[in-house]
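Note that the structure is a prediction, hence the values are computed from the model and not measured. Below, all heavy atoms of this structure are taken into account, side chains as well, without hydrogens, waters or symmetry copies.
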Amino acid sequence: MRLTKVILRSVERTRRRMITAEPQSSASLPNGNVQQRRLRESEIAVNVFVIGIAGQTGGLLARALRSHGDEVGGLVRREEQQDVLAAEGIDAVVGDLALMSSMDLTSALTDAEVVVARSGLDWLILRPSLLTDDPGTGVVSLGPAELHGQIPRADVAETLAALIHEPRIGRQILELNTGDTPIPEAVRRNIR
């Protein structure tokens, strides 16, 4: 199952938060990714549930969100995936979305403020270009109509994390490609 690209938001919580970014030096970050941020006092940590968290992009998204100070959980299909994520401090629920009862799914999502899922109320669809396993660059091209090329999964995860923390973006379809705009700026340019 591919990581789905729709983001649901808790409307009441997102209206109250003010997000500010502070880039860290590349020397203090794994793989020199300068787009990861530290949580500042003006930010509110978000509880995020990712369906498909054991996948490549889902795992990168989980790590990106944890680096922002967010609580992250998700849905996995196998217990061994749950164990791997638990070692990283990520709570995962074992189940198959297609076979879960609505009660089981509701129970898994109880504390989530943001759910990366397939349907919802307030939504945002992110359409990345061809995904690669190259190291992230921290610069992208993001907008309603972008040329399709390729983009590192790490940049997709960082962009998703930035979009989750921007409550003024919603009900849009954004395309994502490698570019020359730093991720936080690319996200700000899409506020409507």
Side-chain angles (χ1 to χ4, degrees), residues 1-10 13-14 19 24 26-39 43-120 123-138 150-165 176 183:
M1 179 204 284
R2 285 183 58 178
L3 173 71
T4 185
K5 303 164 196 98
V6 178
I7 299 171
L8 305 176
R9 291 200 178 97
S10 167
R13 179 104 181 205
T14 55
I19 306 298
Q24 294 177 326
S26 60
S28 66
L29 297 171
N31 301 324
N33 187 343
V34 296
Q35 293 303 318
Q36 290 183 342
R37 307 177 310 167
R38 280 177 275 181
L39 198 64
E43 290 186 326
I44 296 174
V46 178
N47 189 327
V48 182
F49 189 89
V50 180
I51 296 174
I53 197 168
Q56 291 180 356
T57 303
L60 289 168
L61 174 59
R63 286 187 279 292
L65 290 168
R66 286 194 37 87
S67 76
H68 292 273
D70 296 316
E71 294 293 323
V72 181
L75 181 66
V76 297
R77 290 186 180 167
R78 296 185 306 278
E79 287 183 19
E80 55 270 15
Q81 293 170 321
Q82 183 183 39
D83 295 340
V84 168
L85 292 169
E88 295 182 39
I90 298 170
D91 293 325
V93 175
V94 178
D96 185 331
L97 187 59
L99 303 175
M100 291 177 80
S101 71
S102 59
M103 182 163 307
D104 290 340
L105 185 58
T106 301
S107 176
L109 301 176
T110 299
D111 295 327
E113 297 167 307
V114 176
V115 177
V116 180
R118 289 199 176 173
S119 65
W123 55 269
L124 174 66
I125 299 173
L126 180 65
R127 296 181 56 203
S129 297
L130 177 67
L131 299 174
T132 70
D133 293 325
D134 298 332
T137 64
Q150 58 186 24
I151 188 161
R153 293 175 193 277
D155 286 338
V156 174
E158 284 296 326
T159 302
L160 281 168
L163 288 166
I164 286 171
H165 282 278
L176 180 65
I183 292 170

Open item on the list: Once side-chain hydrogen bond (donor to acceptor under 3.5 Å, both in side chains) is applied, do any residues pair with T132, and if so which ones, sequence neighbours excluded?
Closed with: D134

Task: Straight-line distance of L60 CG to L160 CG, nearest 0.5 Å - done: 10.5 Å

Open item on the list: Quick check: closest heavy atoms across A64 and A157, and the distance to 0.1 Å?
Closed with: CB-O, 4.1 Å

Open item on the list: Please report the interatomic distance CD(E158) to CG(L65), rounded to the nearest 0.5 Å.
Closed with: 8.5 Å

Open item on the list: So, taking the atom named CG in L105 and the one named CG in L109, what distance separates them when rounded to the nearest 0.5 Å?
Closed with: 4.5 Å

Task: Closest non-hydrogen atom pair, L75 against F49 - done: N-CZ, 3.6 Å

Open item on the list: Quick check against the 3.5 Å criterion: does S129 have a side-chain atom that pairs as donor or acceptor with the backbone of L176?
Closed with: yes

- [ ] Taking side-chain hydrogen bond (donor to acceptor under 3.5 Å, both in side chains) as the test, write out the residues that go with S101, two or more places apart.
- [x] D104

- [ ] Check whether any side-chain heavy atom of L97 sits under 4.5 Å from a side-chain heavy atom of I51, and report yes or no.
- [x] yes

Open item on the list: Is the shortest side-chain heavy-atom distance between V115 and V48 below 4.5 Å?
Closed with: no

Open item on the list: Looking at G136, is its backbone amide N or carbonyl O close enough to the side chain of D155 to form a donor-acceptor pair, meaning the two atoms are under 3.5 Å apart?
Closed with: no

TODO: Measure across V156 and P128 and return the closest heavy-atom pair with its distance rounded to 0.1 Å.
DONE: CG2-CB, 3.8 Å

Open item on the list: For residues 80-91, which residue pairs pass the salt bridge (charged side-chain N to carboxylate O under 4.0 Å, His left out) check, not counting sequence neighbours?
Closed with: R63-E88, R78-E80

Open item on the list: Given 3.5 Å as the limit, does a donor-acceptor pair link the side chain of D96 with the main chain of R77, or not?
Closed with: no

Open item on the list: My understanding is that only residues two or more places apart in sequence, or in another chain, count here; which of them pass salt bridge (Lys or Arg N to Asp or Glu O under 4.0 Å) with D133?
Closed with: R153

Task: Flag if over 12 foreign heavy atoms under 6.0 Å of CD, E71 - done: no

- [ ] Give, for atom OG1 of T57 and atom CG of L131, the distance between the pair rounded to the nearest 0.5 Å.
- [x] 5.0 Å

Task: L85: partners by side-chain contact (heavy atoms from CB on, under 4.5 Å), with sequence neighbours left out - done: I53, V76, I90, A92

Task: Exam field: side chain D70 to backbone A45, donor-acceptor pair closer than 3.5 Å - done: no

